Q: 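My questions will all concern the structure given below.
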Amino acid sequence: MRKYLLIVVLCIVSAAQAQVTVKAERNPVWKKIYRGEATKINDLVNTKLDVRFDFDKAWMYGKEWLTLKPHFYPTDSLTLDAKGMAINEVAMFNNGKKTPLKYAYDSLNLRIILDRTYKNNEKYTIYIDYISRPNEYKGEGSAAITEAKGLYFINPRGEEKDKPTQIWTQGETESNSVWMPTIDKPNQKTTEQITMTVPSKYVTLSNGLLVNQKKNSDGTRTDTWKMDLPHAPYLFFMGVGEYSIIKDSYEGKEVSYYVEKEYAPVARRIFGNTPEMIKFYAKVLGMDFQWPKYSQIVGRDYVSGAMENTTATLHQESAYQNARQLVDGNAWEEVIAHELFHQWFGDLVTTESWSNITVNESFADLSETLWDEYKYGKDAGDEHNYEAMEQYLQSGSENKDLVRFYYRDKEDLFDAVSYNKGGRILNMLRNYLGDSAFFRSLNKYLTDNKFKTGEAQQLRLAFEAVTGQDLNWYWNQWYYGSGNPVVKIDYNYNDSGGKAMVIIQQTQQSDKVFKLPMAIDVYNGADKKRYKVWMNHKIDTFTFNYTKRPDLINVDGDKILLWQKTDNKTADNYKAQLKYAPLYLDRRESYTYFGKHHMPELLQGLKDKYAGLRSYTLDLIGEDSATVNNAATLQEIENIAKTDPDKKVKAKSIEILAATADEKYKPLFEQNVKDSSYSVAGAALEGLNMLDSANAYALAKTFVNDARGKLGEVVAGVIMLNGTENDFDFILKQYQQTPPGQQKFEATAAFCEYLTKINDVDKIKRGIDEIVAFKNMIPETYRSFTDQIINSALQRVASAKGSEVKAYIDNAVK
Ligand SMILES: [Zn+2]
């Protein structure tokens with residue numbers, strides 16, 4: 001699964017502020033509950049379903065033939081998860097004959113008394129006739145998944161005019177038992193057959209292959225999907241809707257993309273790298289794609305980011321990007337890579353318990369870095385790795401173990417530790433052992449455990465078997481422990497004695513001392529000497545002899561360690577680092593230093609070979625008014641605005657020029673406002689608005705039907721500033737479409753200002769509803785800060801619009 005993208009809200013407040021607002025629960029009960037692997041009494045063998053949908057009631061009528069066997073000990077009973085259902089019939093099914101069975105049902109579990117005691121070499125099949133009623137079931141959601149209905153009917157009665165009717169399911173963690181009785185635990189695996197009867201205008205998607213289609217006389221069609229390979233119940237999937245199916249292939253297997261008609265022309269530009277990704281992952285893992293096909297589908301109103309259902313990945317609507325958005329690059333590509341990698345780590349070898357979710361999610365997280373590195377180069381991979389680490393460091397989760405046997409709710413495990421930190425821990429291990437040992441070990445883990453389950457210890461054993469090394473220390477430190485090193489690095493040079501000392505001190509608050517193998521590179525000009533050292537104590541000093549004082553001593557030469565550091569290098573060290581040390585982070589650290597100290601060397605970042613670092617440099621320049629108002633700097637930025645091949649870099653440079661409100665850039669803005677990239681066009685419109693807002697408003701009105709991303713924001717901003725009552729629909733839609741995060745937070749104040757200027761109370765109320773909905777979506781950690789600002793903006797609307805609006809706002813925020 002890929003988390004819902006609320007993580008972008010992280011940048012609203014600093015980590016320090018976030019920590020203050022985290023409330024500590026005092027001695028909660030969950031801290032005493034050990035959550036191990038679920039006990040296996042019966043094992044699932046095969047699941048056969050025959051379902052029809054009642055769109056009017058949002059119900060599903062199901063018939064199920066569930067084949068099981070006792071796991072080891074003989075048993076005469078079976079308990080199934082079956083959430084919120086109506087159970088019509090439970091029977092033993094034998095040779096086509098049904099024999100009724102005694103059962104008890106409490107709306108969560110179906111307890112069945114079998115007709116006799118079965119031994120573990122005896123299979124039996126239970127028949128269940130039931131109704132799934134997802135909207136009547138009240139399950140708990142989480143930050144990762146906002147609801148737990150399992151089965152979702154989207155616009156089932158067709159009442160919302162701009163929304164298609166769709167059905168999709170979301171199983172992880174234990175929600176598929178809302179629509180099929182099963183043993184809803186990740187340590188169960190079953191083969192599967194699902195037969196769905198739907199109105200014939202719809203297509204269906206499920207796991208495995210479509211083995212039969214039958215037209216019925218009543219305008220419906222019956223599709224049968226079959227999966228001959230066993231997988232976990234939470235990975236079962238059904239999708240129904242009006243979709244165009246775009247087909248690619250990988251070594252004769254279907255690779256397909258289910259998108260709404262509007263996106264059919266761009267589907268390959270969004271998903272088209274999938275076959276190459278499969279090929280790449282199969283190659284590095286030394287294990288081919290094991291499933292019969294791979295489809296991806298986009299669901300409306302999806303409750304998570306994306307989900308790796310076996311052979312049938314579901315994406316949220318953010319996957320949809322039109323041709324102009326794609327000019328800036330595919331914003332969803334890493335998610336596509338992430339879900340695909342789960343087909344090995346998660347679907348083929350599945351975590352045995354939620355406590356061990358790292359064996360699913362940390363690998364999927366790592367796969368994003370691997371793909372970026374392979375496809376777009378080492379800088380791109382390193383950038384992704386670094387940004388993911390920063391998100392973890394800012395998440396305030398230093399008290400959580402990666403393998404976590406104690407937790408409040410299983411949904412809480414889908415966090416920055418299981419994803420971001422776990423992905424970095426694997427990447428460090430890859431660096432420590434070397435690529436070939438790392439991937440050989442992954443191959444062993446997959447080979448030994450395929451179609452079964454895994455836990456972190458099995459991973460360790462695979463690595464130990466391949467490398468011949470004892471790795472308990474690494475697992476104890478990173479998998480079964482929490483936190484990360486916080487270090488201070490100091491340098492001491494004694495020219496007369498010809499000795500350099502590097503003093504590294506771990507300053508994290510806990511008593512824990514991290515064991516850190518690392519490279520220290522000593523540079524004399526371009527001549528680099530590498531020393532491999534281990535940090536084993538709270539403070540370690542490493543001494544190097546020299547005849548000429550080194551230009552740079554570069555600790556963690558591979559820039560791979562998961563730590564927070566204060567590195568007390570000099571300006572000259574950073575100049576040498578930029579010149580000689582090759583990595584993304586080497587250069588980034590230099591630019592950061594130059595930016596912080598207002599050094600002209602920062603301008604070298606505008607010529608960095610990697611677009612991400614040119615963009616980062618522009619951020620640093622933009623934040624520093626002294627640097628930005630320098631004529632030479634502006635000249636450089638203007639050059640970039642005119643020539644940079646990367647649209648995002650170009651856009652950022654135009655944004656900086658826009659902020660100067662200098663007439664001389666007007667032709668540049670006028671030219672770029674027509675650019676195919678929304679980012680570039682948006683930045684240029686921002687510039688024009690600074691110079692001539694009436695003209696910008698007129699232009700913005702012509703863009704409203706094709707304005708997304710940055711252009712959408714700027715158009716909305718310009719229209720909100722100058723707009724009238726008639727612009728409401730566009731402004732509201734734009735606000736709705738802005739993903740929750742920093743931008744939306746900023747747009748909220750402008751939206752409130754606009755609401756003070758219009759008079760239609762119904763419109764004002766609709767605007768308030770949207771603002772309050774966003775306000776409530778912001779994670780608890782940031783709420784005390786964001787609520788204060790949003791509430792005061794709403795109060796400005798209240799005071800401008802009188803008592804009815806005031807009462808409405810008071811009620812909405814209460
Ligand atoms: Zn995932």
Side-chain angles (χ1 to χ4, degrees), residues 1-7 141-146 148 168-176 186 207 231-237 271 274 277-278 281 285 291 294-299 302-316 318-319 331-372 384-385 387-388 391-392 395 397 402-404 410-427 442 446 453-456 459:
M1 180 163 35
R2 175 74 178 229
K3 289 169 289 178
Y4 193 65
L5 295 176
L6 271 174
I7 199 148
S142 67
I145 312 166
T146 51
W168 45 258
T169 63
Q170 166 60 35
E172 197 171 23
T173 46
E174 296 173 8
S175 296
N176 276 345
N207 316 95
H231 66 139
Y234 78 88
L235 296 166
F236 277 43
F237 175 77
F271 296 105
T274 306
M277 284 178 188
I278 300 178
Y281 289 145
L285 294 171
W291 309 102
Y294 188 61
S295 299
Q296 297 174 80
I297 186 170
V298 182
Y302 180 45
V303 290
S304 183
M307 178 68 210
E308 67 272 19
N309 312 298
T310 316
T311 76
T313 286
L314 172 62
H315 293 279
Q316 66 154 272
S318 306
W332 207 247
E333 189 158 303
E334 283 155 354
V335 181
I336 292 168
H338 176 118
E339 304 310 329
L340 173 63
F341 208 61
H342 271 310
Q343 303 296 314
W344 284 268
F345 289 92
D347 297 4
L348 189 60
V349 182
T350 306
T351 181
E352 61 159 37
S353 66
W354 303 119
S355 302
N356 269 283
I357 194 67
T358 175
V359 300
N360 291 10
E361 292 302 347
S362 304
F363 281 106
D365 191 280
L366 173 72
S367 75
E368 300 170 27
T369 298
L370 296 177
W371 170 255
D372 282 348
H384 188 73
N385 194 64
E387 286 174 353
Q391 284 170 352
Y392 155 71
S395 66
S397 32
L402 182 56
V403 177
R404 217 173 308 157
K410 54 192 179 308
E411 309 291 346
D412 298 347
L413 296 164
F414 295 80
D415 65 0
V417 176
S418 300
Y419 288 70
N420 305 43
K421 187 185 181 187
R424 310 298 68 75
I425 287 169
L426 287 168
N427 210 29
L442 296 194
L446 290 171
T453 59
E455 62 167 304
L459 198 60

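Model, not experiment: these values are computed from the prediction. Order of listing sets the numbers, starting from 1, for every ligand and every atom in it.
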Q: How about Met307: does one of its N, O or S atoms come closer than 2.8 Å to the Zn ion (ligand 1)?
A: no
Q: Does the side chain of Glu411 pick up a donor-acceptor pair with the side chain of Thr173 at under 3.5 Å?
A: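 Distance-only check passes for Glu411 and Thr173.
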Q: Quick one: do Gln296 and Thr274 satisfy side chain to side chain donor-acceptor pair (under 3.5 Å)? Show the steps, please.
A: CA-CA 10 Å; Gln296 297 174 80; Thr274 306; 3.0 Å; yes
Q: Please work out whether the ring planes of His338 and Tyr419 are parallel, tilted or perpendicular, with thresholds of 30° and 60°.
A: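 Ring orientation of His338 relative to Tyr419: parallel.
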Q: What angle sits at the Zn ion (ligand 1) between O of Met1 and NE2 of His342, to 10°?
A: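 The two atoms form an angle at the metal of about 160°.
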Q: Under the side-chain contact (heavy atoms from CB on, under 4.5 Å) rule, collect the residues that match up with Val359, sequence neighbours excluded.
A: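 In terms of side-chain contact (heavy atoms from CB on, under 4.5 Å), with neighbours along the sequence ignored, Val359 is linked to Thr351, Tyr445.
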Q: Which is the closest N/O/S atom of Glu361 when seen from the Zn ion (ligand 1)?
A: OE1
Q: Have a look at His338 and say which of its N, O or S atoms is nearest the Zn ion (ligand 1).
A: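 Restricting His338 to its N, O and S atoms, the minimum distance to the Zn ion (ligand 1) goes to NE2.
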Q: Just checking, any donor-acceptor pair under 3.5 angstrom between side chains of Thr358 and Arg404?
A: no
Q: Below 2.8 Å, can you find an N, O or S atom of Glu308 next to the Zn ion (ligand 1)?
A: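 Glu308 does not place any N, O or S atom closer than 2.8 Å to the Zn ion (ligand 1).
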